[in-house]
Amino acid sequence: MDIQTQYMGRTIKSPIIAGSCGKTNSVENIKKLEQAGAGAVILKSLFEEQISKEASNNAWALHNAGEMVDAYTYIAEHTKNNQLEAYLNLIKEAKKAVSIPVIASVNCVSSTEWMQFATAMEKAGADGLELNMFIMPSNVNVSAEEVEQIYENIIQTIRRAVQLPISLKISSYSASLAKVCQRLSWMGISTLSIFNRFMEHDIDIDEQVIRPVNIFSAPSEIYNTIRWTAILSKLVNCPITAGGGVHKEDDIIKLLLAGANTVQVASALYTDDFSFITKANEKLQQWMEEKHYHHINDFRGKLAIEKNSTVSPFYRVQYMKYYSGIE
Ligand SMILES: Cc1cc2nc3c(=O)[nH]c(=O)nc-3n(C[C@H](O)[C@H](O)[C@H](O)COP(=O)(O)O)c2cc1C
């Protein structure tokens, strides 16, 4: 059974990709992920916001110690460059250590930094770049069109700056998600990565404080990913890499049937271990054999929604008795 597929302009040996997370942040782990059978690995994101904050903290410490303003700028830049340098080294070392594609990932909040980071990562040898983009839609002064325009500007800027294949990782927060995804897929990206998952927060009623919860996804999150993969896969102009809630081996097969080209796994690398990938590859091969499929393309997208179709169980969202059987 041939489980090769296409990802970011390359043929990869398995559709299972180690998604960006803490487990993809060291060469040692990246090697283990390749051994476990991952088709590609996406490095932990470099967060512009975080490195700018650290740079600023270091520089303030110096400033408060009575140093000059020039030194403030110098230290801020120095810290930022050090962090970027460490990331570039990770790319270079990972490239030497494994033969699967190594995809860099950036999360930036300004368009100038995106360009600087992307160019440096391309030079370091990354096989592709995943743009982890999200602007919290909480500002009442910014319209949906303005937010979408910011995304488009960033993609355009990076598209011009680098030759690397680009994967755009987006969230499901949009009033018109299908339209936004379709528009963004026309902008020269190689892959649409659905969906980014966000930290969740709870309220502690004893201490009356806010605390992070659910660092890892739950298995039930897969249903939203299946739905949107099926809705989007024939609508967008590029392949889909789907992730979010993949905890069972069968989930990979489901997302391929829904039309994904590749499937990303992050939480399961923590809650299970890297052997999850090995088991899921085996399950995929075994299932293909049972169903007499020789290649992934023999069944990929079989349950995706056809481009102009308005009828699908995936469009149903209300609990009508007729559909759910629940009174
Ligand atoms: C501990 C942890 C760290 C993560 N860090 C990143 C990150 O740096 N960049 C990113 O784009 N996504 C990050 N993610 C999100 C994952 O790549 C993935 O999109 C999300 O967790 C949904 O997939 P899952 O259900 O397999 O976990 C992280 C996830 C986890 C669990």
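Note that these values count all heavy atoms, side chains included, but never hydrogens, waters or copies made by symmetry. First listed ligand is number 1; within each ligand, the first listed atom is number 1.
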Inset, instruction - May I ask you to check if ligand 1 and Ser217 share an N or O to N or O distance below 3.5 Å? - result: yes
Legend entry - Single hit among Val102, Ile17, Val41, Asn29 for side chain to side chain contact (heavy atoms under 4.5 Å, CB included) with Thr24: Val41
Inset, instruction - Specify the protein heavy atom at minimum distance from atom 21 (O) of ligand 1: its residue, its atom name, and the distance to 0.1 Å. - result: Ala266 CB, 3.9 Å
Inset, instruction - Please state which part of Phe47 comes within less than 4.0 Å of ligand 1, counting heavy atoms only: side chain, backbone, both or neither. - result: side chain
Inset, instruction - Would you mind checking which non-hydrogen protein atom is closest to atom 30 (C) of ligand 1, with the distance to 0.1 Å? - result: Cys21 CB, 4.0 Å
Inset, instruction - Indicate yes or no: does Lys291 engage Asp298 in a salt bridge with an N to O separation below 4.0 Å. - result: no
Inset, instruction - Decide, yes or no, whether a salt bridge links Asp202 with Arg211 under the criterion of side-chain N to carboxylate O below 4.0 Å. - result: no
Legend entry - Test item, Lys169 contacting ligand 1 (heavy atom, 4.0 angstrom): yes
Legend entry - Exam field: side chain Arg159 to backbone Gly188, donor-acceptor pair closer than 3.5 Å: yes
Inset, instruction - Give the residue and atom name of whichever protein heavy atom lies nearest to atom 28 (C) of ligand 1, and the separation in Å to one decimal. - result: Ser20 O, 3.4 Å
Legend entry - Gly245 heavy atom under 4.0 Å from ligand 1: yes
Legend entry - Contacting atoms of ligand 1, where contact means under 4.0 angstrom from a heavy atom of Phe195: 19 (O)
Legend entry - Ile215: numbered ligand 1 atoms lying under 4.0 Å from its heavy atoms: 31 (C)
Legend entry - Any donor-acceptor N/O pair, Ser309 side chain to Ile305 backbone, under 3.5 Å: no
Inset, instruction - Considering the heavy atoms of Val265, write down every atom of ligand 1 situated less than 4.0 Å from one of them. - result: 26 (O)
Inset, instruction - Distance to 0.1 Å, residue and atom name: give those for the protein heavy atom nearest to atom 20 (C) of ligand 1. - result: Arg197 CB, 3.6 Å
Legend entry - Check: Glu207 side chain, Asp204 main-chain N or O, donor-acceptor pair, under 3.5 Å: no
Inset, instruction - Check whether the side chains of Ser267 and His247 place a donor and an acceptor atom closer than 3.5 Å, and report yes or no. - result: no
Legend entry - Note: Lys96-Glu93 ion pair, threshold 4.0 Å (strictly below): yes
Inset, instruction - Please determine if Asn132 has a nitrogen or oxygen closer than 3.5 Å to a nitrogen or oxygen of ligand 1. - result: yes
Legend entry - Nearest protein heavy atom with distance in Å, relative to atom 8 (O) of ligand 1: Lys44 NZ, 3.0 Å
Legend entry - By ring-ring contact (aromatic ring centres under 6.0 Å, His included) - contacts of Tyr293 (at least two apart): Trp287, Phe299
Legend entry - Geometric N/O contact Gln264 with ligand 1, under 3.5 angstrom: no
Legend entry - Closest approach of any protein heavy atom to atom 27 (O) of ligand 1, naming residue and atom: Ser267 OG, 2.5 Å
Legend entry - Residue and atom name of the nearest protein heavy atom (relative to atom 9 (N) of ligand 1), distance in Å to one decimal: Ser45 OG, 2.6 Å
Inset, instruction - Can you sort out the partners of Ile150 under side chain to side chain contact (heavy atoms under 4.5 Å, CB included), two or more places apart, ordered by chain and number? - result: Ile135, Ile154
Legend entry - For atom 1 (C) of ligand 1, the protein heavy atom that lies nearest, with its residue and separation: Tyr270 OH, 3.4 Å
Legend entry - Backbone N/O of Asn261 and side chain of Thr5: donor-acceptor pair under 3.5 Å: yes
